[in-house]
> 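One structure, as structure tokens, below. Some questions next.
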Amino acid sequence: MPYGGAFMAKYRIGVLPGDGVGVDVVEATMIVLKKVGLDAEYVYGDIGWEFWCKEGDALPQRAIDLIKRMDATLFGAITSKPVKAAEAELVPELKGKGLVYRSPIVRMRQLFDLYICLRPCKAYPGNPLNFREGLNLVVFRENTEDLYSGVEFNTVPKELADVLLKLSKPFAAFKDVPLDEYAISCKINTKKGSERIIRAAFDFTRKFGRKKVTVVHKANVVRATDGLFLETAKEIAKSYPEIKMDDANIDAMTMWLLKNPFNYDVLVAPNLYGDIISDLCAQMVGGLGFGCSGNIGEKIAVFEPTHGSAPKYAGQYKVNPIATILAAKMMLDWLGEDDKAMAIENATASVIAQGKVRTYDMGGAASTIDMANAIAQSLK
Ligand code: IPM
Ligand code: MG
């Protein structure tokens, strides 16, 4: 064995707290991860609003390199602002250089081809925020394409308008609109992108003995892209005869989910509908303080809470860290550390069930760190 080998930890875990409450919840989650005794070296990296303002990039190259080297990465949250508001906060030297702010988390997903966004939404017994006890939904959200493709024009190039007029009949309705008075965002969905997320949803359903996959779309109106997604799903479903598949339009889906939540099991959706439906599902099991998320590719994965950076609560140690603690649990699942993952989940569930330690969203006065300590102490 080469000298030094004995000192190597089993895993290298990237830790990117980001900004806002991302810092609070990651600090809390590290208490739990350290207590569970994962054999890991934790490597912290620079990412977040501060780096946008100072360097013009919220996801600096060194953070990208770090994620590539790690076995998995835990990410907190990052502030996102619209293009003009973001430009206004750049240091003077960087203003007017044409730097355009794009959400770092979306960039990360695309750059590393983290095509699965996995969002389990489980109602832990005794959580006063549960919409219904017993809910256990899982969202598979396509994570790299669709309306998130980034192919957008806020002044439409004339060449593009000319081609569209030639190729698309409905485009005639816009032919007299001045080019700087409309915008185009492209919804791009590929067969490969659709196939792999749908397969991931079916494989998961099979592996965990679940019963049904519901495909969320708007294929009655958005016929090309959502039609492709739905048809692909119908094709793939044939190789999983023991699993029931149904589908629903995104608008109807939001109603049905509230009306008959127990009719649903695993949901799969293109990127934007998955974004929408996963917030709804998170709210049904306690809100964003409980929504955890895995961005998963073939070899690289980044785990995060579904919530954002909530700058108004930054540094107050007020928000609920459970979403991030459950994201760390997902990370352990992904690494194959099943026992440790289960230990974190059981400890979290028992603290929720006891109801003694509750953060403000749950009606209590416990801090972010109190909650993490309680979960760490309940680990078996
Ligand atoms: C999410 C968030 C992100 C998204 C934002 C922060 C860009 O809402 O992870 O669901 O839209 O994907
Ligand atoms: Mg979202």
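For ligands, and for the atoms within them, numbers begin at 1 and follow the listed sequence.
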> Looking only at distances, please establish whether an N/O atom of ligand 1 is found under 3.5 Å from an N/O atom of Arg109.
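Yes.
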> Please report which non-hydrogen protein atom sits nearest to atom 6 (C) of ligand 1, along with the residue it belongs to and the distance in Å to one decimal place.
Ile105 CG2, 4.2 Å
> Restricting to N/O/S, name the atom of Asp275 that gets closest to the Mg ion (ligand 2).
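Output for this pair reads OD1.
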> Using a strict cut-off of less than 4.0 Å between a Lys/Arg side-chain nitrogen and an Asp/Glu carboxylate oxygen, indicate whether Arg358 and Asp370 qualify as a salt bridge.
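Not counted as a salt bridge, because no side-chain N and carboxylate O are separated by less than 4.0 Å.
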> Could you please spell out the steps behind the salt bridge (charged side-chain N to carboxylate O under 4.0 Å, His left out) verdict for Glu87 and Lys84?
CA-CA 5 Å; Glu87 155 99 34; Lys84 287 206 173 111; over 6 Å; no
> For the pair Tyr273 and Phe229, evaluate ring-ring contact (aromatic ring centres under 6.0 Å, His included) and give the outcome as yes or no after the intermediate values.
CA-CA 12 Å; Tyr273 308 140; Phe229 196 82; 8.5 Å; no
> Identify the residue among Tyr124, Tyr264, Phe262 that makes a side chain to side chain contact (heavy atoms under 4.5 Å, CB included) with Leu135.
Phe262
> Please write down residue, atom name and distance for the protein heavy atom closest to atom 1 (C) of ligand 1.
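Here the closest protein heavy atom is Arg119 NH2, 3.3 Å.
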> Starting from atom 11 (O) of ligand 1, locate the nearest protein heavy atom and write down its residue, its atom name and how far away it is, to 0.1 Å.
Tyr148 OH, 2.5 Å
> Could you find the nearest protein heavy atom to atom 8 (O) of ligand 1 and give me its residue, atom name and distance?
Asp275 OD1, 3.3 Å
> The Mg ion (ligand 2) to Asp279: any N/O/S contact under 2.8 Å?
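It does not; every qualifying atom lies at 2.8 Å or beyond.
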> Quick check on the 6.0 Å ring-centre criterion: do Phe202 and Phe140 meet it?
no
> Describe, in one word, how the ring planes of Tyr182 and Phe174 are oriented to each other, choosing from parallel (under 30°), tilted (30 to 60°) and perpendicular (over 60°).
parallel
> Is Arg141 touching ligand 1 with its side chain, its backbone, both, or neither, if touching means heavy atoms under 4.0 Å apart?
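For Arg141, only side-chain atoms sit under 4.0 Å from ligand 1.
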> Name the closest protein heavy atom to atom 7 (C) of ligand 1, giving the residue it belongs to and the distance to 0.1 Å.
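Heavy-atom neighbour on the protein nearest atom 7 (C) of ligand 1: Ser103 OG, 3.5 Å.
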> Would you indicate whether Arg69, at its atom CZ, is surrounded by more than 12 heavy atoms from other residues, nucleotides or ligands within a distance under 6.0 Å?
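Above 12, so yes.
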> Answer with side chain, backbone, both or neither: which part of Arg102 has a heavy atom less than 4.0 angstrom from an atom of ligand 1?
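Answer for Arg102: neither.
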